[in-house]
Protein chains: 2
Amino acid sequence: MVTVRQDVHSTGIPVLCQSCEARHRGVCGALDPDQLVGLAKTSSKHTIEPGVELIGDAETVDSYSNVLSGVVKLTKSLSDGRQQIVGLQFAPDFLGRPFKVESAINAEAATAVSLCSFPRASVERMMRESPELEHRLLKQTLNELDEARDWMVTLGRKTAAEKVASFLLMIARNIDPTLDPNTNSTSFELPLTRADIADFLGLTIETVSRQLTRLRTDSVIRIDNNRHVTVDSLARLASRSGA
Amino acid sequence: MVTVRQDVHSTGIPVLCQSCEARHRGVCGALDPDQLVGLAKTSSKHTIEPGVELIGDAETVDSYSNVLSGVVKLTKSLSDGRQQIVGLQFAPDFLGRPFKVESAINAEAATAVSLCSFPRASVERMMRESPELEHRLLKQTLNELDEARDWMVTLGRKTAAEKVASFLLMIARNIDPTLDPNTNSTSFELPLTRADIADFLGLTIETVSRQLTRLRTDSVIRIDNNRHVTVDSLARLASRSGA
DNA sequence: AGATGGTATTGACCGAAATCAAGGCTGTCG
DNA sequence: CGACAGCCTTGATTTCGGTCAATACCATCT
């Protein structure tokens with residue numbers, strides 16, 4: 001028998017499913033205790049290795065998930081193999097496309113990822129019963145739309161140097177949402193390889209590499225082990241991001 | 001006293017507000033008759049000239065609108081003036097960003113546009129009362145997100161020639177939603193200038209012009225008066241769009 | 001008609017990023 | 001250990017699209 005714990009997470013978000021004692025804002029926060037018991041019964045926690053495909057292009061999607069930790073990349077491809085990353089999902093984002101059985105996009109773990117998944121049917125039933133859940137989904141979707149449009153500007157109008165700087169800033173802000181623009185130093189692990197960054201920015205790996213070395217030789221950032229980035233001057237990084 | 005007519009439009013969409021006897025799917029279809037009377041009282045129809053700004057960057061938005069006819073372009077700009085069109089709204093799209101007072105984007109009439117507008121407060125009240133309305137908004141938002149992500153692929157990974165071909169196909173499909181891929185000929189008025197197309201595709205006007213002349217000299221399309229496009233071979237256009 | 005202004009086309013040239021190619025670093029496995 | 005595979009960096013060269021500049025087209029107004 002599954003029981004539901006109702007602790008409060010340090011972020012203030014209720015910890016709801018026993019199967020995933022972690023922040024869970026995307027879905028659970030909108031439900032009442034009875035619904036939560038039902039949801040907890042059908043939910044399951046997964047840990048996924050980097051590179052594993054979560055949702056294949058043109059596959060039918062039979063579950064929805066909350067991202068509990070790690071980064072998931074959403075990609076689209078042209079028939080000849082050219083690829084574009086169209087979104088990154090960080091915890092506690094919701095993963096899945098309501099009202100459509102077929103997915104036109106690919107979801108893949110960029111880092112190690114832990115997920116809490118629910119069967120499609122449970123989520124859709126609960127959406128019908130609980131307007132508050134749909135309201136939250138609408139809010140997340142509107143945020144994702146804003147982000148997508150911001151990246152359209154980056155893709156369409158920024159130079160390679162500006163793209164890379166914008167990317168680093170975006171990652172820094174997502175890893176540490178409390179980051180304020182006045183601090184001048186921060187550091188984080190890059191969740192993406194050079195190839196992923198290139199696919200995200202519409203560039204080649206060589207160009208990404210060259211721009212990163214340029215930021216390095218100009219002492220804006222340092223990079224250890226290809227992954228660990230230290231930003232020495234957030235202001236200088238921002239000034240190179242094309243506003 | 002305002003009365004509400006409840007005819008059915010030729011598209012099957014109910015015609016609801018007296019002030020805008022036209023298709024109106026975005027908002028009104030989700031409301032019950034009582035709500036509609038309330039909405040009709042506060043709604044107002046506007047006709048807007050090409051080039052007029054509807055929502056300014058960083059302005060507060062105090063109304064929501066349905067696009068009844070024409071095309072609205074949504075743009076974002078960098079501080080140095082570089083501009084990117086991040087979306088086009090065709091009838092019967094809904095215009096406005098719920099849950100946010102400030103708009104980060106600019107909306108401008110690309111063609112002559114007619115709108116049916118509602119005060120922010122009416123729409124938000126009705127959203128609270130009517131889950132069905134929120135449901136429709138969620139669906140439209142998800143569709144816009146899909147479109148935005150499709151364009152991210154175009155912006156990031158397609159060549160200039162593919163971008164222009166993709167653009168023409170997208171316009172053709174929006175102007176005539178019943179267009180099936182087997183017909184080989186269609187024609188329409190371009191709703192955007194060369195400058196707008198360039199801003200949409202992340203190119204310059206010169207490049208857009210050159211690609212259009214190339215399609216013309218290759219007899220894929222014809223153009224009259226800079227605006228009226230006839231596609232002679234939809235299949236050949238599609239084969240140049242990069243899939 | 002001629003003048004004006006907005007919009008589109010065309011050509012010559014240039015430069016940023018792609019492509020091609022070589023080599024370095026790190027970790028794993030025989 | 002050495003060989004191998006992945007990932008990243010760096011350099012040389014090419015190319016696609018941008019920039020600059022001239023011209024054309026068309027509508028409107030005098």
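In what follows, chains carry the letters A, B, and so on, assigned in the order in which the sequence lines appear, proteins first and then strands, with residues in each chain numbered from 1.
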For DNA chain D, what residues of residues 185-199 of chain B have any heavy atom nearer than 4.0 Å? none

Applying salt bridge (Lys or Arg N to Asp or Glu O under 4.0 Å), which residue pairs with at least one partner in residues 179-195 of chain B are found, sequence neighbours left out? none

Give a yes-or-no answer on whether the side chains of Ser166(A) and Ser241(A) include a donor-acceptor pair shorter than 3.5 Å. no

Distance check needed: dC25(C) P versus Asp224(A) CG, whole Å only. 16 Å

Distance col, row Arg149(A):CZ vs Thr154(A):OG1, nearest 0.5 angstrom, shows 14.5 Å

Decide yes or no for Leu95(B) and Leu74(B): does some side-chain heavy atom of the first lie under 4.5 Å from some side-chain heavy atom of the second? yes

Looking at residues 212-219 of chain A, who's got a heavy atom less than 4.0 Å off DNA chain D? Thr213(A), Arg216(A)

Summarise how protein sits on nucleotides 15-22 of chain C as a single string, 5' to 3': B when a protein heavy atom is under 4.0 Å from the base, S for sugar-phosphate-only contact, - for no contact. --SSBB--

Could you pull out all donor-acceptor pairs under 3.5 Å where a side-chain atom in residues 201-208 of chain A meets a protein atom, sequence neighbours excluded?
unit_1	atom_1	unit_2	atom_2	d
Thr204(A)	OG1	Thr207(A)	N	3.3
Thr204(A)	OG1	Thr207(A)	OG1	3.1

Can you name the closest pair of heavy atoms from Val113(B) and Ala109(B) and give their distance? CG2-CB, 3.8 Å

Just the rounded figure in Å: distance from C1' of dT7(C) to CD1 of Ile205(B). 8 Å

Which heavy atom of Ile85(B) sits nearest to which heavy atom of Asp196(B), and what is that distance? CD1-O, 3.4 Å

Within residues 105-119 of chain A or reaching into it, pairs that qualify as salt bridge (Lys or Arg N to Asp or Glu O under 4.0 Å) - sequence neighbours excluded: Lys73(A)-Glu108(A)

Rounded off to whole Å, could you give me the CZ-to-P distance for the Arg227(B) and dA8(C) pair? 7 Å

Atom CG of Asn225(A) and atom P of dT26(C) are separated, to the nearest Å, by 8 Å

At their closest point, which heavy atom of Gly156(B) faces which heavy atom of Leu155(A), and how far apart are they? CA-CD2, 4.1 Å

Does this structure show an ion pair linking Asp218(A) with Arg240(A), if we count only N-O contacts that are shorter than 4.0 Å? yes

Between P of dC25(D) and NE2 of His228(B), the distance in whole Å: 21 Å

Do any N or O atoms from the side chain of Gln140(B) and from the backbone of Phe94(B) form a donor-acceptor pair under 3.5 angstrom? yes

